[in-house]
Amino acid sequence: MNISTGAYSDLDRPPLREAALRRALVVPGGFWTDLRVVPETGSTNADVAAAAREGAPEGLVIVAERQRSGRGRLGRQWESPARAGLALSVLLRPEVPPNRLGWLPLLAGVALAESVRRVARIDAYLKWPNDLLLQGDRKTAGILAEAADGAVVVGIGLNTTLRQEELPRPDATSLALAGAAVSDRDPLLRALLRSFAEWYARFRDHAGDPDASGLREAYVFHCGTIGRRVRAELPGGQQLEGLATGIDADGRLQLADRFEKVHTIAAADVVHARLDTSG
Ligand SMILES: O=C(O)CCCC[C@@H]1SC[C@@H]2NC(=O)N[C@@H]21
């Protein structure tokens with residue numbers, strides 16, 4: 001595969017093997033109740049939300065080979081060219097206290113970081129709340145959780161073999177561009193859904209308690225934001241700068257400003273300060 005010249009062929013982007021994925025993941029007693037791979041759709045989050053409204057059970061997964069109008073956080077778009085990444089949404093009906101629901105996208109981030117590190121064998125880390133970054137803080141995956149009639153839809157987009165010219169921003173990347181050992185979508189999807197189901201079972205069995213389930217510890221382990229100086233751009237346009245000190249019990253970011261006043265942030269775009277490598 002020649003990435004630098006952009007000389008891709010269909011062999012580099014084979015279709016997902018739906019039947020094999022179903023056999024591996026939709027098993028009796030397992031969490032995943034149905035897995036559908038569709039060749040093209042507008043947004044898998046919209047499709048799973050529609051299924052939720054029609055009463056589909058927890059554990060449905062819809063994966064699209066291509067999305068025409070993928071949705072991102074804070075009203076942005078998400079690019080999903082055909083077979084160049086994973087674009088999937090899962091349906092959850094979590095019975096946990098409402099204030100713990102904010103952990104669900106973070107849980108998805110932990111599953112994503114674990115599976116990418118294990119399968120792609122590349123150093124991947126999270127930027128709060130759940131962007132997956134590779135070397136040089138370049139984004140390779142994002143997560144969007146949305147409510148749908150009492151259910152929660154968690155959508156995950158991962159760039160596997162996108163070329164530079166297919167990426168929406170210069171600070172984005174894909175596993176292949178960043179030199180991952182593996183960028184094949186089938187093993188990545190299997191590992192991601194297995195890890196997700198394990199973490200979700202722990203989280204649910206501990207009534208959404210992030211400490212008893214071990215989720216907060218795992219999140220902090222994978223999160224590159226904690227301990228770094230950051231700028232948080234809040235939805236209303238306000239900006240806060242300071243040191244990211246931790247994650248509270250509801251999954252919110254704690255940021256200490258220069259007067260050591262701690263702010264608790266529920267939603268923001270976080271920008272990591274550049275690391276000083278001058279020694
Ligand atoms: O970082 C972000 O802004 C979140 C991106 C989430 C994209 C995924 S792709 C699958 C699912 N369907 C969507 O429309 N969006 C999510």
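No hydrogens, no waters, no symmetry mates; every other heavy atom, side chains included, goes into these values. Read the numbers this way: they start at 1 and go in the same order the structure lists the ligands and their atoms.
- In the vicinity of Ser43, heavy-atom distances shorter than 4.0 Å reach the ligand 1 atoms 12 (N), 13 (C), 14 (O).
- For Leu74, no heavy-atom contact with ligand 1 is shorter than 4.0 Å.
- When all heavy atoms of Arg17 and Asp186 are compared, the closest pair comes out as N-OD2, 2.8 Å.
- For the residue pair Arg252/Thr264, the side-chain donor-acceptor check at 3.5 Å is not satisfied.
- The pair Arg194-Glu114 does not count as a salt bridge, with every side-chain nitrogen at least 4.0 angstrom from each carboxylate oxygen.
- Ligand-side atoms of ligand 1 in range of Asp131: 1 (O), range being under 4.0 angstrom from any heavy atom.
- The closest protein non-hydrogen atom to atom 3 (O) of ligand 1 is Arg73 N, 2.7 Å.
- Distances shorter than 4.0 angstrom occur between a heavy atom of Gln67 and an atom of ligand 1.
- Considering backbone and side-chain N/O of Lys139, one or more are found under 3.5 Å from N/O of ligand 1.
- Looking only at protein heavy atoms, the nearest one to atom 6 (C) of ligand 1 is Arg71 O, 3.5 Å.
- Residue Ser80 places no N or O, backbone or side chain, under 3.5 Å from any N or O of ligand 1.
- With ligand atoms numbered from 1 in the order given, ligand 1 contributes 10 (C), 11 (C) to contacts under 4.0 Å with heavy atoms of Leu88.
- In the model, Asp47 has a side-chain atom that pairs as donor or acceptor with a side-chain atom of Thr41 under 3.5 Å.
- Numbered from 1 in the order shown, with element, the atoms of ligand 1 that lie under 4.0 Å from a heavy atom of Ser89 read 11 (C), 12 (N).
- Formation of a donor-acceptor pair under 3.5 Å by the Trp128 side chain with backbone atoms of Gly251 is found in this model.
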Practice task
Decide yes or no on side-chain contact (heavy atoms from CB on, under 4.5 Å) for Phe31 and Glu198, but give the supporting numbers first.
Solution key: CA-CA 9 Å; Phe31 174 69; Glu198 281 169 21; over 6 Å; no

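- Heavy-atom distances between Gly70 and ligand 1 reach below 4.0 Å in at least one pair.
- Of the protein's non-hydrogen atoms, Thr44 OG1, 3.3 Å is the one closest to atom 10 (C) of ligand 1.
- Residues Asp131 and Gly142 share a closest heavy-atom pair of OD1-CA, 4.3 Å.
- Between Trp103 and Tyr219, the two ring planes are perpendicular [angle over 60°; tilted spans 30° to 60°].
- The hydrophobic cluster containing Leu60, built from Ile/Leu/Val/Met/Phe/Trp/Tyr side-chain heavy atoms closer than 4.5 Å, also comprises Val38, Val48, Ile62, Leu91, Val153.
- The protein non-hydrogen atom at the shortest distance from atom 5 (C) of ligand 1 is Trp78 CE3, 3.5 Å.
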